Every structure is written in C-alpha cells, then in structure tokens.
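Reviewing the structure listed below.
Throughout, residue positions are numbered sequentially from 1 according to the sequence presented. What you are looking at is a predicted structure, and each value in this text was computed from that prediction instead of being measured. Values below: every heavy atom of this structure, side chains too, minus hydrogens, waters and symmetry copies.
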Amino acid sequence: MDLGIRGKRAVVCAGSKGLGRGCAEALAEAGVEIVLNARGAEALTVTANEIEARTGVTVIPVAADITTAAGRAAVLEAAGEVDILVNNAGGPPPGLWSDWGREDFIAALDANMLAPIAMMQALLPGMMARGWGRVVNITSAAVKAPIPQLGLSNAARAGLTGFVAGTARQVASSGVVINNLLPGIHATDRMTALDGPVAAAEGISLAAAAERRMATIPARRYGAPADFGATCAFLCSQYAGFIVGQNILVDGGAANQTL
Ligand code: NAP
C-alpha cells in the first residue's frame with residue numbers, strides 16, 4: 001500500500017532497536033527519509049545501514065540522549081525541516097509504589113513526558129507553517145490499564161497523554177495530527193529485561209515466563225516491532241489526517257475493555 005508520504009522526512013527518537021526501530025523501518029519502507037536517534041552509536045549505525053540498504057532511503061544516525069537538552073539539540077540540528085516525528089525513549093524501571101523519590105520521578109518525567117513535549121514544541125511550528133505534519137508518541141498500554149509495578153511509567157505517560165489531548169486539538173487545523181500509540185507486550189529487549197527478573201524470582205526459564213505471559217494475551221503471542229511499526233506508519237500517512245489526539249492500543253487484545 002502506498003502511504004502517500006514518499007520523500008517526507010521523519011525524526012525517529014530512540015530507534016536503534018525495538019519499537020522505535022520497527023517504526024523507522026515501516027516509515028523507510030514507505031519512502032520516508034529518516035533521522036534516526038539512539039544513545040549507543042554502534043547499534044545505531046548498524047541499524048541505520050541495514051534500513052538504508054533494504055529500503056534505499058537515506059537514514060541519518062544521530063547518537064544522542066534524547067532526554068537531555070543537548071541530545072535533542074543535536075537531533076534537531078541534523079534533522080532540519082521535519083514532516084514526521086516519532087517520539088520515544090527507554091521506559092522507567094519497575095518497582096513498588098513506595099520505592100520512588102523525587103529524583104526517580106524527575107528522571108521518568110524527563111524521559112517519558114518532557115522530552116517528547118520538547119520535541120513537539122521544537123517541530124510543531126515548522127509543520128504548522130508548512131501545513132502538514134504527523135506526530136506519533138510511543139507511550140504504553142499502561143495509559144489505559146495501569147501496570148502496578150510500572151508506577152513511574154503510569155505517571156509520566158499520563159502527563160504526556162494529557163498534554164497531547166489538548167495540543168492535538170490546537171494544531172489540527174494546520175494540517176498537523178498528533179496521536180499516541182500504546183504498545184502492549186512486544187518482543188523487544190525491554191520485554192526480556194522485564195521477563196528476566198520474573199523468571200529468576202519464580203525459578204522458571206525465560207521461555208516459561210514468556211509463555212505464561214502470552215497466555216494472558218488474546219492473540220496468544222507477543223507483538224513484533226513490525227506490527228507496531230506498520231500502525232505507526234499508517235498514523236503518519238496521508239490517510240490518517242482525520243485521526244486526531246487518539247490513544248491507540250497495539251496489544252493483541254490484552255487490555256480487557258469494551259472502549
Ligand atoms: P528497547 O527494545 O529497549 O529499545 C529502546 C531503544 O531506545 C533502543 O534503541 C535504545 O538505544 C533507545 N534509547 C533508550 N533510551 C534512550 C535515550 N535516552 N535517548 C535515545 N535513545 C534511547 O525498548 P522497546 O521495547 O522498544 O520500548 C520502547 C518504549 O516503549 C519504552 O518507553 C517502553 O517502556 C515502551 N513500551 C514497551 C513495551 C514492550 O512490550 N516492548 C510495552 C509498553 C511500553 P540506546 O540504549 O543505545 O540509547
């Protein structure tokens with residue numbers, strides 16, 4: 001399917017692996033030039049080269065920490081005029097509600113609320129002036145159905161969701177649409193990192209822990225980054241211009257809710 005965005009330019013934050021990479025790959029397959037960010041230069045360069053070789057689009061790697069002002073400045077300088085922004089960063093660590101102090105909350109807010117807001121504040125004016133833009137924020141299924149041990153994530157992403165709800169409705173008349181994409185469980189390093197301690201605590205293998213978790217998902221599998229990326233690319237397409245300020249679950253039916 002031609003998504004109608006060939007030749008556009010996207011910034012994909014935190015995209016050397018996992019869901020961000022899935023989004024970058026799907027956008028590149030649609031003919032979008034990519035400015036690809038992650039902290040680790042080695043994996044980032046490998047990913048950028050692989051995507052470029054497979055799709056033929058230009059992929060510019062920018063190794064930087066997107067949660068810092070300096071990191072964002074480096075990405076924005078390399079990017080120039082941007083049509084599509086995919087906001088993403090690593091997720092906060094798990095724990096108990098009583099574990100976290102102010103510094104832990106500030107770190108989570110920096111990564112999962114304030115960094116995406118800063119990227120939108122930097123790039124929305126250009127998109128609005130040119131009359132076209134797409135923003136997809138990678139948040140979490142935790143926004144709709146809280147994950148108890150991920151209280152830092154639940155909190156920070158709720159803040160971003162509130163900001164997007166109002167902002168999306170302020171910029172839509174300029175041809176710019178902002179939506180949030182809410183991953184359920186996908187097979188990425190992040191998920192292995194979360195399954196690992198469960199397996200260790202219960203004395204079961206990683207595979208057994210994963211199997212048990214899959215049984216809780218109606219689709220009976222983990223999502224693939226490609227599943228997630230395809231949805232992201234559609235939200236960035238010419239066909240998604242009337243989808244404004246939504247929170248879209250990609251979770252294999254795991255959140256048990258009617259609406
Ligand atoms: P992942 O597989 O661990 O990949 C994370 C990617 O982000 C890597 O490319 C990593 O590269 C980059 N990154 C991390 N911190 C960064 C930073 N500060 N600046 C720039 N790049 C950074 O994670 P994932 O599973 O794709 O998850 C992506 C997001 O979705 C996370 O916020 C996660 O909490 C959320 N999420 C994931 C799932 C899931 O099932 N996978 C479910 C719900 C929510 P470097 O380490 O080299 O920087």
Side-chain angles (χ1 to χ4, degrees), residues 13-20 37-40 43 64-73 75 86-121 135-167 178-204 206 209-210 212-213 216-217 222-223 225 228 247-251 254-257:
C13 304
S16 66
K17 299 177 191 166
L19 303 180
N37 155 256
R39 291 166 303 181
D65 184 341
I66 204 67
T67 69
T68 66
R72 290 190 291 277
V75 171
V86 179
N87 271 319
N88 187 29
L96 192 64
W97 60 271
S98 51
D99 286 347
W100 303 304
R102 179 176 169 78
E103 292 312 311
D104 303 304
F105 280 102
I106 295 297
L109 292 174
D110 270 342
N112 299 117
M113 177 184 171
L114 300 176
I117 288 175
M119 290 299 287
M120 284 187 269
Q121 287 175 327
V135 179
V136 171
N137 298 296
I138 300 180
T139 64
S140 172
V143 169
K144 294 224 182 203
I147 301 169
Q149 66 276 22
L150 290 179
L152 290 173
S153 172
N154 298 338
R157 298 188 200 281
L160 175 62
T161 303
F163 178 83
V164 166
T167 304
I178 313 177
N179 290 289
N180 300 324
L181 207 43
L182 284 52
I185 297 167
H186 285 71
T188 67
D189 288 356
R190 163 90 174 159
M191 205 32 66
T192 311
L194 292 176
D195 274 345
V198 174
E202 305 204 5
I204 57 175
L206 200 57
R212 206 173 58 184
R213 201 200 285 262
T216 68
I217 304 171
Y222 285 2
F228 193 83
N247 292 282
I248 297 165
L249 274 170
V250 184
D251 74 341
N256 192 33
Q257 50 192 212

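Distance check: Thr216 OG1 to Ile185 CD1 gives 5.0 Å after rounding to the nearest 0.5 Å.
With sequence neighbours left out, Asp195 forms a side-chain contact (heavy atoms from CB on, under 4.5 Å) with Met191, Leu206, Ala210, Arg213, Tyr222. Every residue two or more places apart in sequence or in another chain that forms a side-chain hydrogen bond (donor to acceptor under 3.5 Å, both in side chains) with Arg212 is listed here: Glu202. Not counting sequence neighbours, Ala158 has no partner by the side-chain contact (heavy atoms from CB on, under 4.5 Å) test. The side-chain contact (heavy atoms from CB on, under 4.5 Å) search around Arg72 returns Ile66, Ala69, Ala115, Ala118, Met119, not counting sequence neighbours. With sequence neighbours left out, the side-chain contact (heavy atoms from CB on, under 4.5 Å) criterion links Asn179 to Val177, Leu235, Ile243, Gln246. Residues passing the side-chain hydrogen bond (donor to acceptor under 3.5 Å, both in side chains) test with Thr188: none are found, sequence neighbours excluded.
Residue pairs meeting the side-chain hydrogen bond (donor to acceptor under 3.5 Å, both in side chains) criterion with at least one member in residues 88-112, sequence neighbours excluded, do not occur. Applying the side-chain hydrogen bond (donor to acceptor under 3.5 Å, both in side chains) definition to pairs two or more places apart or across chains, those involving residues 137-155 are Asn87-Asn137, Asn137-Asn180, Ser153-Arg157.
When every heavy atom of Gly184 is checked against every heavy atom of His186, the shortest pair comes out as O-ND1, 3.0 Å. What you find for Arg39 and Asp65 is that their closest heavy atoms are CG-CA, 3.6 Å. Counting all heavy atoms, side chain and backbone alike, Leu19 lies closest to Pro225 at CD2-CA, 4.4 Å. Taking both residues in full, the closest heavy atoms of Ala156 and Met113 are given as O-CB, 3.6 Å, listed atom of the first, atom of the second, then distance. Contact record, Ser16 with Ala38: OG-CB, 3.4 Å, taken as the closest heavy-atom pair.
Side-chain N or O atoms of Asn37 include one that pairs as donor or acceptor with a backbone N or O of Ala64 at under 3.5 Å.
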Are Leu182 and Asp251 close enough, and set up right, to give a side chain to side chain contact (heavy atoms under 4.5 Å, CB included), and what steps lead you there? CA-CA 8 Å; Leu182 284 52; Asp251 74 341; over 6 Å; no
